Protein chains: 2
Amino acid sequence: MENTEKTQQFIEVCGLYFEGIGLTRIAGRIIGWLLICEPPHQQQSELVEALGASKSSVSVALKDLTMLYLVERVSFPGDRRTYYRTAKDMWSRSFRARMHQLTELRLLSERGLEALQDATPERRKRLSFMRDMNGFMETEFPRMLDAWDKIKKDKGYDDL
Amino acid sequence: MENTEKTQQFIEVCGLYFEGIGLTRIAGRIIGWLLICEPPHQQQSELVEALGASKSSVSVALKDLTMLYLVERVSFPGDRRTYYRTAKDMWSRSFRARMHQLTELRLLSERGLEALQDATPERRKRLSFMRDMNGFMETEFPRMLDAWDKIKKDKGYDDL
DNA sequence: CGGATGGTTCGGTATTGACCGAACTCAACG
DNA sequence: CGTTGAGTTCGGTCAATACCGAACCATCCG
């Protein structure tokens with residue numbers, strides 16, 4: 001497959017971005033590549049080729065990405081090879097993952113409040129605020145996702 | 001200041017949480033401590049004492065946290081020491097930081113689309129979707145924050 | 001049974017960076 | 001002045017981990 005200067009850059013920036021949010025650089029590059037490649041499903045050897053990474057790195061990165069539901073495995077009848085492509089719900093999935101951080105924060109605040117059970121309301125205020133704000137976001141977030149789901153259909157993105 | 005088993009645990013969990021989202025463990029512990037301490041403003045030496053960390057680590061962690069607007073410096077007339085406390089807007093600040101990640105993702109997708117200028121719409125679809133979804137979230141997110149801002153007032157959290 | 005192809009696991013290397021202790025700077029005060 | 005306290009900067013150490021190459025496993029063909 002062709003590989004222009006610009007696509008190459010795109011892949012690198014992807015690598016850096018996803019590395020920045022906690023994945024590895026190679027995993028990020030894989031995502032980048034899977035976002036632009038044709039066809040959209042690729043086998044490991046193709047990724048190795050396209051990214052100039054080692055078989056082993058690609059193998060483990062794909063396993064991680066699959067675990068995170070960012071990438072999914074695909075197979076075709078009469079072909080024993082495994083292909084990979086960006087997962088159907090990868091984006092809403094990662095939004096939900098982020099939402100989960102909200103929950104963690106709320107739980108954290110509740111834990112703190114428990115530790116300060118007998119303290120004055122004034123002292124507990126910082127934690128109460130933290131709990132309430134994250135609780136609010138926790139309920140609003142799914143609303144946003146639902147709203148997007150509707151728009152998504154209208155825009156003809158059903159299959160993504 | 002007293003330091004029970006439970007508060008100690010809270011601080012450690014905070015350390016781990018914030019380490020998990022990209023800060024250092026010590027920075028996380030500082031946040032944890034500043035969320036529950038009395039008075040809510042502390043000087044470096046008190047943090048060193050409370051957390052059992054070194055002066056240097058606390059110094060650099062506080063600098064980082066201050067740069068990120070998660071913690072702010074406070075001073076009092078007639079007292080030349082510097083105190084630190086959780087920043088007034090630390091939570092909305094970190095929400096906005098997260099929102100910024102949405103923007104980065106959208107820009108990333110636009111970069112990819114540019115690289116695929118001459119490709120078929122079908123091939124560009126993955127990136128178009130990514131751009132549109134993040135764009136949508138980018139506009140909805142501030143709405144959520146505004147909504148919270150109103151509720152916040154009603155709940156008597158004006159000063160946080 | 002080879003042998004080729006596709007993929008995983010393992011050991012080692014090299015980089016990164018968090019943290020600490022010690023040395024240093026700077027003020028204020030005796 | 002020197003001393004004390006508050007804070008920063010520097011150098012070094014230690015732990016974590018991303019990545020690679022090589023060895024290994026499995027499955028299908030001739």
Side-chain angles (χ1 to χ4, degrees), chain A residues 11-34 37 39 41-68 70-85, chain B residues 11-34 37 39 41-68 70-85:
Chain A
I11 291 166
E12 285 314 308
V13 180
C14 268
L16 293 170
Y17 175 82
F18 286 101
E19 186 177 27
I21 63 166
L23 301 179
T24 69
R25 191 172 299 185
I26 286 193
R29 285 199 270 239
I30 289 178
I31 292 178
W33 177 252
L34 289 180
C37 61
H41 51 87
Q42 303 272 117
Q43 49 176 333
Q44 287 199 190
S45 55
E46 291 173 308
L47 293 171
V48 167
E49 164 83 10
L51 304 177
S54 74
K55 273 206 304 180
S56 51
S57 304
V58 170
S59 173
V60 55
L62 281 175
K63 189 158 80 179
D64 294 352
L65 289 171
T66 308
M67 292 288 95
L68 293 168
L70 295 177
V71 154
E72 49 190 22
R73 292 152 49 84
V74 203
S75 64
F76 298 96
D79 184 342
R80 60 200 164 80
R81 279 168 298 188
T82 308
Y83 296 85
Y84 294 87
R85 69 167 174 223
Chain B
I11 292 166
E12 285 313 309
V13 181
C14 268
L16 292 172
Y17 176 80
F18 286 100
E19 186 178 26
I21 62 166
L23 300 179
T24 69
R25 191 174 298 186
I26 286 192
R29 285 200 271 241
I30 290 177
I31 292 178
W33 177 252
L34 289 179
C37 62
H41 50 88
Q42 303 272 116
Q43 46 176 14
Q44 286 200 189
S45 55
E46 291 173 307
L47 292 171
V48 167
E49 164 83 10
L51 305 178
S54 74
K55 273 206 303 178
S56 50
S57 304
V58 170
S59 173
V60 55
L62 280 175
K63 190 158 80 178
D64 293 351
L65 289 171
T66 309
M67 290 289 94
L68 292 168
L70 294 178
V71 154
E72 52 190 18
R73 292 151 51 83
V74 203
S75 65
F76 298 97
D79 185 343
R80 59 198 167 81
R81 278 168 300 187
T82 307
Y83 297 85
Y84 294 86
R85 71 168 172 221

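Please read these numbers as outputs of a predicted model, since none were measured by experiment. Letters go in sequence order (proteins before strands), and every chain restarts at 1.
Proximity of Thr24(B) to the phosphate of dC19(C): a side-chain N or O atom is located under 4.0 Å from OP1 or OP2. The shortest distance between the side-chain N/O atoms of Ser45(A) and the OP1/OP2 oxygens of dG6(C) is not below 4.0 Å. Residue Lys55(A) has no polar side-chain atom (N or O) positioned under 4.0 Å from OP1 or OP2 of dA22(D). Applying the 4.0 Å criterion to OP1 and OP2 of dG5(D), one finds that Gln44(B) has every side-chain N and O outside that range. Taking only side-chain nitrogens and oxygens, Ser59(B) comes nearer than 4.0 Å to OP1 or OP2 of dT8(D).
Atom CG in Asp79(B) sits roughly 11 Å away from atom P in dC29(C) (whole-Å rounding). As a whole-Å value, the separation of Arg73(B) CZ from dA6(D) P is 15 Å. Protein atom CD of Gln43(A) is 15 Å distant from nucleotide atom C1' of dT27(D), rounded to whole Å. Straight-line distance from the CG atom of Leu51(A) to the P atom of dC20(D): 10 Å, rounded to whole Å. Note: CZ (Arg81(B)) to P (dT8(D)) measures 15 Å, nearest angstrom. Per the geometry, CZ belonging to Arg25(B) stands 16 Å off C1' belonging to dT16(C), to the nearest Å. When rounded to the nearest whole Å, the span between CD of Glu46(A) and P of dG6(C) equals 10 Å. As a whole-Å value, the separation of Glu19(A) CD from dT16(C) P is 10 Å.
Here the side chains of Gln42(A) and Arg85(A) are not in contact, with every heavy-atom distance at 4.5 Å or above.
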Do Phe18(B) and Ile30(B) pass the side-chain contact (heavy atoms from CB on, under 4.5 Å) test, and can you show the C-alpha distance, the side-chain angles, and the key distance before you say yes or no?
-> CA-CA 10 Å; Phe18(B) 286 100; Ile30(B) 290 177; over 6 Å; no
Kindly indicate, with the supporting measurements, whether the criterion side-chain contact (heavy atoms from CB on, under 4.5 Å) is fulfilled by Leu47(A) and Leu34(A).
-> CA-CA 9 Å; Leu47(A) 293 171; Leu34(A) 289 180; 4.3 Å; yes
List the steps and the verdict of side-chain contact (heavy atoms from CB on, under 4.5 Å) for Val60(A) and Thr24(A).
-> CA-CA 10 Å; Val60(A) 55; Thr24(A) 69; over 6 Å; no
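Residues Tyr83(B) and Arg73(B) have side chains that never bring a donor and an acceptor to within less than 3.5 angstrom of each other.
Nearest-nucleotide positions on DNA chain D for Ala53(A) and Arg80(A) put Ala53(A) closer to the 5' end.
Ser54(A) comes within 4.0 angstrom of a base, heavy atoms only.
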